[in-house]
Protein chains: 2
Amino acid sequence: MDFFGEIVQIFGVPPSVGQIFGLLYASPVPLCFSDIFEQLDISKGSASQGLQLLRDLGAVHSVENGGEGRREYFEPELSLRQLVSGVLRERIAPMAAAGDERLARLRKLAEQDGSADEFYLDRVEQLETWRRRLKTVLPVLTTLLGPKRRK
Amino acid sequence: MDFFGEIVQIFGVPPSVGQIFGLLYASPVPLCFSDIFEQLDISKGSASQGLQLLRDLGAVHSVENGGEGRREYFEPELSLRQLVSGVLRERIAPMAAAGDERLARLRKLAEQDGSADEFYLDRVEQLETWRRRLKTVLPVLTTLLGPKRRK
DNA sequence: CCTGCGGTTCAAGCTAAATTGAACCGAATT
DNA sequence: AATTCGGTTCAATTTAGCTTGAACCGCAGG
């Protein structure tokens, strides 16, 4: 159970969120909100926020119950590709965007610097090269993780 | 400068370490220990630990100075592949190893459980599949980031 | 309309991690 | 051999961010 709790920290996701996913993953049947915070012994607040994040990441889906009450039941996303691409979309992409702006500003600085040597410009350009490579590689990664692809 | 400080946090590397790398990256000439903690206005302790980590990651190299004093001068690693593989080796691999042990234990639990349905065993096997995929894909990533490869 | 239930929001507390600063170590210099 | 210098180590402090818990919202049922 804590297994997931620790794993997800790599991606900057709080442990409790990993635990929630772990609980759902370990459950043969979909669970509802109260199941989650009762069984994990965490606060309603954590459970709510955690579920929200998992929804944003596309890591859980609410499943239709037979019109019983208004409880929402959840089950985990089981496609590794979906999970990874969710993290990429919600955590990495925003950072990349922010980085882009900064990088643009850095370039301006380097250009208007007008210093004798082109050292700073070179470095900025290398940064841009790095960023470009990462941007091309990351999407490839998600396709590589696609299910049941042939050898 | 803080640019790097923020970026590295994704990988669970403390900001000060990123700043050190940033400083070296932005410097036309190699810098020594005292340059670093003076210019960044951080403690000697942070600088020392930070440099240690960067060394472990293979993100900086000490460069031979012309026999002047015993100061050690540093310059940044500029190969993206080296940087990424360093992070993989020092941060990801250990976690993967720890995960393996846990996974093995989980499997034992699932096997000896002897419960009627094979649900738990199925889930454990899926986890193993995920892990296997990640282990094959990550090395590929570093080669994809290799320098000046042809289109 | 009022009450209870499922769920969300948010300020405040708390835990874990990063940073500090001082004690310390070995090598070089005097 | 004593002192200074470059650098490391580690306990204590600070900071960041996760968790909590209470107030709150909308809806369903009475």
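Below, read A as the first sequence line, B as the second, and so on, with proteins coming before strands; counting in each chain starts at 1.
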Discussion item. In whole Å, I'd like the distance from the CD atom of A:Glu6 to the C1' atom of D:dC18.
Written reply: 16 Å
Practice prompt. In plain terms, say whether A:Lys135 and A:Asp100 are close enough for a salt bridge, that is, a side-chain N and a carboxylate O under 4.0 Å apart.
Written response: yes
Worksheet entry | Protein-nucleotide distance (B:Leu53, atom CG; C:dA18, atom C1'), rounded to Å | 12 Å
Discussion item. So if I take every side-chain heavy atom of A:Ser48 and compare against D:dT9, C:dT8, D:dG7, which nucleotide ends up nearest?
Written reply: C:dT8
Response to the item:
Judged by nearest nucleotide, the residue sitting upstream toward the 5' end of DNA chain C, A:Gln9 or A:Gly45, is A:Gly45
Discussion item. By the 4.0 Å heavy-atom rule, please label B:Gln49 as base, sugar-phosphate, or nothing.
Written reply: base
Worksheet item: Which one, C:dG6, C:dT19, D:dC18, comes nearest to the side chain of A:Pro14?
Response: D:dC18
Worksheet item: Please give, in whole Å, the distance from D:dC18 P to A:Asp41 CG?
Response: 20 Å
Practice prompt. In plain terms, say whether B:Arg105 and B:Glu101 are close enough for a salt bridge, that is, a side-chain N and a carboxylate O under 4.0 Å apart.
Written response: no
Worksheet item: Taking for each residue the nucleotide of DNA chain C with the nearest heavy atom, is it B:Val17 or A:Phe74 whose nucleotide lies nearer the 5' end?
Response: A:Phe74
Practice prompt. With the side chain of A:Pro15 defined as its heavy atoms from C-beta on, choose the nearest nucleotide among D:dG7, D:dC18, C:dG7.
Written response: D:dC18
Worksheet item: Taking for each residue the nucleotide of DNA chain D bearing the nearest heavy atom, is the 5' side occupied by A:Lys44 or by A:Ser16?
Response: A:Ser16
Worksheet item: Do the side-chain N or O atoms of B:Arg55 get closer than 4.0 angstrom to the phosphate oxygens (OP1, OP2) of D:dG7?
Response: no
Worksheet item: B:Leu51 near the nucleic acid: base, sugar-phosphate alone, or nothing, with a heavy-atom cut-off under 4.0 Å?
Response: nothing
Worksheet item: When you measure from the centre of the six-membered ring of B:Tyr25, is the NZ or CZ of A:Arg123 under 6.0 Å away and within 45° of the axis?
Response: yes
Discussion item. Without decimals, in angstroms, what is the distance between B:Phe37 CZ and C:dT20 P?
Written reply: 12 Å
Worksheet, complete the sentence: Of D:dG21, C:dG7, C:dT20, the nucleotide closest to the side chain of A:Phe33 is C:dG7
Worksheet item: Is the backbone N or O of B:Cys32 less than 3.5 Å from a side-chain atom of B:Arg71, with the two atoms forming a donor-acceptor pair by type?
Response: no
Fill in: Nearest-angstrom distance from the residue atom CD of A:Gln19 to C1' of D:dT19
11 Å
Worksheet item: Taking NZ, NE, NH1 and NH2 as the nitrogens, is one of them in B:Arg55 or B:Glu72 under 4.0 Å from a carboxylate oxygen of the other?
Response: yes
Worksheet item: Taking OP1 and OP2 of C:dT20, is either one under 4.0 Å from a side-chain nitrogen or oxygen of B:Ser46?
Response: yes
Item to complete: Rounded to the nearest angstrom, tell me the gap between atom CD1 in A:Ile42 and atom P in C:dT15.
Response: 16 Å
Item to complete: Whole angstrom is fine here: how far is it from OH in A:Tyr73 over to P in C:dG7?
Response: 9 Å
Worksheet item: Just how far, in rounded Å, is C1' of C:dG7 from CZ of A:Arg71?
Response: 11 Å
